[in-house]
**Q** 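Below you will find the structure I want to go over with you.
First the proteins, then the strands, lettered A, B, ... as listed; each starts at 1.
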Amino acid sequence: MSLFKERQYLRVHVDREPDDSLWMKCKSCGELVFKRRVRENSNVCPSCGEYFFQTSQERMESILDPGTYEPFGERLVTDDPLSFVDSRAYRERVAETQAKTGLDDAILIGRGAIEGIPVVLGVMDFRFIGGSMGSVVGEQISRAIEAAVADRRGFILISSSGGARIQEGMFSLLQMAKTVTVRRRLAEAGLPFVSVMTYPTSGGVEASIASLGDIIIAEKGAMIGFAGRRVIEQTIAEELPAHFQTESFALEHGQIDRVVRREDLRTELALALGFFVGAR
Amino acid sequence: MSLFKERQYLRVHVDREPDDSLWMKCKSCGELVFKRRVRENSNVCPSCGEYFFQTSQERMESILDPGTYEPFGERLVTDDPLSFVDSRAYRERVAETQAKTGLDDAILIGRGAIEGIPVVLGVMDFRFIGGSMGSVVGEQISRAIEAAVADRRGFILISSSGGARIQEGMFSLLQMAKTVTVRRRLAEAGLPFVSVMTYPTSGGVEASIASLGDIIIAEKGAMIGFAGRRVIEQTIAEELPAHFQTESFALEHGQIDRVVRREDLRTELALALGFFVGAR
Amino acid sequence: MTDERTLDLLEAKIEELRQLNAIDGMDLSKEIARLEEKLAVLRQDLYSNLTDWERVRIARHPKRPYALDYIASVFSDFYELRGDRIVGDDRALVAGLARLDGRPVALLGQQKGRTTEENKERFFGMTRPQGYRKAKRLMDLAERFGFPLVSLIDTSGAYPGVESEELNIGGAIAENLETMAGLRVPTVAVIIGEGGSGGALAIGLADRVLMLEDAIYSVITPEGAAAILWKDKERAREAATALQMTAPHLLNLGLIDGVIPEPLGGAHKNPAVTSAALKEALVRHVNELSAIRLDQLLAARYQRYRNVGRYTTRAADASRGAP
Amino acid sequence: MTDERTLDLLEAKIEELRQLNAIDGMDLSKEIARLEEKLAVLRQDLYSNLTDWERVRIARHPKRPYALDYIASVFSDFYELRGDRIVGDDRALVAGLARLDGRPVALLGQQKGRTTEENKERFFGMTRPQGYRKAKRLMDLAERFGFPLVSLIDTSGAYPGVESEELNIGGAIAENLETMAGLRVPTVAVIIGEGGSGGALAIGLADRVLMLEDAIYSVITPEGAAAILWKDKERAREAATALQMTAPHLLNLGLIDGVIPEPLGGAHKNPAVTSAALKEALVRHVNELSAIRLDQLLAARYQRYRNVGRYTTRAADASRGAP
Ligand SMILES: [Zn+2]
Ligand SMILES: [Zn+2]
């Protein structure tokens, strides 16, 4: 979904420097910073603290213990069940995005460890059609949860999604039902689900799996909400509060447990998961 | 509790005519009305519709099918566990109230039928120290619920209470825990609990058993709330809304299911209970 | 092709002729009969080949029967239960107990308004968090007493507004989904008009999902999709087709379990006939589901939603690996 | 009798003398020793014969350790969880996970503020519906994962205000009670300061209910009781005695399970010692409860609350009958 395309990327900038360059210029402070240091710092500018965009692969790396990431399961691609064409064919849009990102769809799942605690981790990727949830995202989340249950590990989902994948129509909407249905298996097995909301966590993802964490953590700079600002502004003639749908809005209104800086996310997750190791 | 003593008896007037008189004068419309007609009309003025105070006996009569009321269990009186004395001894206050009302404490319980549907009914009586819930009220509610479970009947509680019985200290507070604990037995047995809130349903009764009805019905003219107006006004410098803690306030704020006129309560209860006859 | 209004005019003319015929004694009966035949043919043409967009328009038709209309005609003894016990009572989602062919059921219905007044009260049929939490309460009540749960879905979507977000509307919808996924009673959902995205699905994760013939069910409104995907609101017709949001499409895609027929021209042309068809379908499905053992019912529901989606497994290749 | 302030002054003087002694080399050690003995005797006199009203004052002492102080000293790894997922986050009731002697527990604590700023944030320690619903969420979490639940109670009462009533504070308290009555994990509640009526009980329906020695637990504040029963706020002392709200009284009445000793003068005189005693008691009770089979735990909890109350059966007589 492109609902968010024209919105300001609060504190989030895609790193567009050519891949072979060792240095990049921070758009916020203007400093030339060593790319590897940025990577090692969870894509946070070492000079000014600005957050750069993090791909799903980069998040996997920055959260899991080095060398523990183990992708699993099959590679899945959408069937384009509606043979959908808008300004262009969905099939082409997907193929092009796959080529550009190296992803099959808007999520990566894998096993790994965080400070030694085994987990199953799912990371959504906003670059893939706005991180929208279609058949593949729904299926991969389901498989990740099933793997967590089979291995008796906690499950972590890092959301970054504009919502449903419009191009898959009702198949997309029903992924909300699907992920929530499978999520119950974790609860029945007494295994924890930690939901991490980043920029943006909205629409059908926010209104299903992402809101059902036993613990819900928001990354600083996250956008959290159901309806898009534009939709709300069009429906009602209300002035939106300044911090509307920010992580502090969500915290103030009781929707999330904690706000963490990206640099601290890994430690934070280890701390949270620690309580559940060996529980029930 | 006398929290409500100085408050206006919204639409509620105690019938103070001597008992041998056949007629009474309505304080609202001034008409002389035939007492028996008033009784038959759920203590609602046949001339102007004003509500007169209804004792627990009168409520039993007006709600249950004629001749079906069957009190059960033992007669219980408080032990005065704190040997409490304020401006006078609690023991004396109780004895005097017993003599004046013919009640043992602030509740009547009994079996009966409503339009043929067998029920267990508890009716609180505001005349008995403000309908406050002490050891006896808590125990009788518990016994009523246990009887309902044993007979597989629905349970109805008609509340009229200022809250806890201060004079019994923590014994009184713990009746909240007691009634709620026993209430779970009804749920486990798949039997319905209909809570009827009248003037007033507040404090410890509102914050426990009365708020846990599967269905919550308010009588028109009810007062529903946790804290007393005076306490709120003293704590905060807020202006209280005009309809604060009225039945329409409770309905607007999603706290109750329905508002009914007293004359319709019997029919209303039969309608509600009908759904549960033969359920699970 | 002739449109609905022209046909309505023609019908009115025929009625005038019939009255004339009756009064003046002049015999127009043959002419009237011929006109009626013609009208029937035109109507058949118009409605039996409805485009997706025409169905969208019927689904939103201001005269279309709403939830409370069906609640009155299909069920008996409706006993409304109000309030979420937390914040308020959302009049855009009515809830209560009722009897379906004598059997007690828990009932949820999304309710639009007809007049300005009603629409103000009903928030144009858009459900707020208060409504979803009331629905949750009814789901819990249904489970406690073993009542089958019936949802009548008709909303353009959950209400988008500041208060909705403040009250965590996304979380409320998610919680309803979680509750319905595990609800230990039979559940049937019927889209009676508009099935608007998550706002509809929130009470629609059921054992049987049915649609009235001219209802729609979609991840987004055609207008919303047109604005986002085509950058052009005017292309809603195209979007409506592309999204396959009508009952026949969704049945064909295997996403719903049945289509309940409507009279030619839509439910509002003959509400009584529609109600009868709805009732027949509800009774049948509730009866079927009630005959299934609970563990099997839950297992089937699990499989249904676990397996929804269309994807293909890619052959593993060298490009895959750790980052 | 000497009061607390005089003793504090005396203690300060002794400390000054001690410093003088160290600096000037003049030998005051005997005099100092004698003064210290005297101080100890006075303190013993003052605190070991505390009146109920004096206990009320200690329970409310502005220097008394609050929930977060104990959370830091008794538990490790406190991981705060915020929000009710519905309306907001009440800072007057903190909640989270923590370790008690290494064992994960779910933790609830009612938190007062010390400064004006803090009190504004913490609503003077008075819990709002948002807080009770957050507590409910933690109870559910505790049950899902088998964490014992520990409540640290310290509130003058639930927050009385228009918003509280609008958000159904009574219903929220009732729901907490219902949840705790059936919670399938061991539960321990400790009144660490003020146990103010329903606002305290809401998180206090536990398998074990303990009190710090100088804490109070009452159906109403002494001031409230004085105003209502004596029509005279000044008679709060009398009310405090009559209501039997101190730990020794409530232990004697069989309403609590244990009293955790405090240093002479109250917990604030030696928070470390108090924390150690609190920790010892919590560990012991949680261990004991965890060793009990769940069905027996629930049965015992049921009996405990089913049977609370003091009444006498009246001989049946003729005055009883149908109305
Ligand atoms: Zn920078
Ligand atoms: Zn009158």
**Q** Under 4.5 Å from any heavy atom of chain A, what part of Tyr159(C) do you find: side chain, backbone, both or neither?
**A** side chain
**Q** Salt bridge or not for Arg55(C) and Glu213(C), using N-O below 4.0 Å?
**A** yes
**Q** Would Gln111(C) and Arg122(C) count as having a side-chain donor-acceptor pair, cut-off 3.5 Å?
**A**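 Short answer, no.
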**Q** Using heavy-atom distances under 4.5 Å, tell me whether Leu212(A) contacts chain C through its side chain, its backbone, both, or neither.
**A** side chain
**Q** Among the options Glu252(A), Arg184(A), Glu206(A), Glu188(A), pick out the one with the most heavy-atom pairs lying under 4.5 Å from chain C.
**A** Arg184(A)
**Q** For Gln234(A) and Arg229(A), which I'm curious about, is there any donor-acceptor pair between the side chains at under 3.5 Å?
**A**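 No donor-acceptor contact under 3.5 Å links the two side chains.
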**Q** Regarding Asp105(A) and Arg165(A), does a basic nitrogen lie under 4.0 Å from an acidic carboxylate oxygen?
**A**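 Yes.
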**Q** Considering only heavy atoms and a distance below 4.5 Å, find which of Leu82(A), Asp80(A), Thr78(A), Thr179(A) pairs most often with chain C.
**A** Leu82(A)
**Q** Between Asp154(C) and Arg60(C), is there a side-chain N and carboxylate O pair less than 4.0 Å apart?
**A**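 Answer for the salt bridge query: no.
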**Q** Which of the residues Ala172(C), Gly182(C), Ala200(C), Gly157(C) is involved in the greatest number of heavy-atom pairs with chain A at under 4.5 angstrom?
**A** Gly182(C)
**Q** So does Glu143(C) pair up with Arg184(C), basic N to acidic O under 4.0 Å?
**A** no
**Q** Write out all pairs satisfying side-chain hydrogen bond (donor to acceptor under 3.5 Å, both in side chains) with one or both partners inside residues 208-217 of chain A, taking only residues at least two apart or from two chains.
**A**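 Applying side-chain hydrogen bond (donor to acceptor under 3.5 Å, both in side chains) to every pair that reaches into residues 208-217 of chain A, excluding sequence neighbours, yields Arg183(A)-Asp214(A), Asp214(A)-Arg144(D).
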**Q** Could you check whether Thr155(C) and Glu194(C), counting side-chain N and O atoms only, form a donor-acceptor pair closer than 3.5 Å?
**A**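 Judged by distance alone, the side chains do not pair up.
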**Q** Is a donor from one side chain sitting under 3.5 angstrom from an acceptor on the other, for Ser135(A) and Glu168(A)?
**A**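 Yes, because at least one side-chain N or O of Ser135(A) sits under 3.5 Å from a partner of the opposite role on Glu168(A).
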**Q** Run the salt-bridge test on Arg235(C) and Glu238(C) with the 4.0 Å N-O cut-off and return the result as yes or no.
**A**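 Salt bridge: yes.
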**Q** Quick test of your reading of the model: are Glu118(C) and Lys112(C) salt-bridged, counting only N-O distances below 4.0 Å?
**A** no
**Q** Using non-hydrogen atoms and a limit below 4.5 Å, what part of residues 202-212 of chain C faces chain A?
**A**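 Within residues 202-212 of chain C, the residues that come under 4.5 Å of chain A (heavy atoms only) are Leu205(C).
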**Q** Please flag which part of Val85(A) lies under 4.5 Å from any non-hydrogen atom of chain C: side chain, backbone, both or neither.
**A**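 Just the backbone, heavy atoms under 4.5 Å.
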**Q** Glu146(A) versus chain C, heavy atoms under 4.5 Å apart: side chain, backbone, both or neither?
**A**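 Side chain of Glu146(A) only, per the 4.5 Å heavy-atom cut-off to chain C.
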**Q** Select, from Ile209(A), Ile224(A), Leu174(A), the one with the greatest count of heavy-atom pairs under 4.5 Å involving chain C.
**A** Leu174(A)
**Q** Identify which of Asn176(C), Thr312(C), Val308(C) forms the greatest number of heavy-atom pairs closer than 4.5 Å to chain A.
**A** Thr312(C)
**Q** So which part of Ser197(C) gets closer than 4.5 Å to some heavy atom of chain A, the side chain, the backbone, both or neither?
**A**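 Both parts, backbone and side chain.
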**Q** Between Ala181(C), Gly224(C), Pro160(C), which residue shows the highest count of heavy-atom pairs closer than 4.5 Å to chain A?
**A** Pro160(C)
**Q** Does any heavy atom of chain C fall under 4.5 Å from the side chain of Arg88(A), the backbone, both, or neither of them?
**A**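 When you check distances to chain C, no heavy atom of Arg88(A) falls under 4.5 Å.
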**Q** Heavy atoms only, distances under 4.5 angstrom: which of Ile169(C), Leu255(C), Asn307(C), Leu250(C) has the most pairs with chain A? Name it, please.
**A** Leu255(C)
**Q** Salt bridge between Arg314(C) and Asp104(A), side-chain N to carboxylate O under 4.0 Å?
**A**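 So Arg314(C) pairs with Asp104(A) through a salt bridge.
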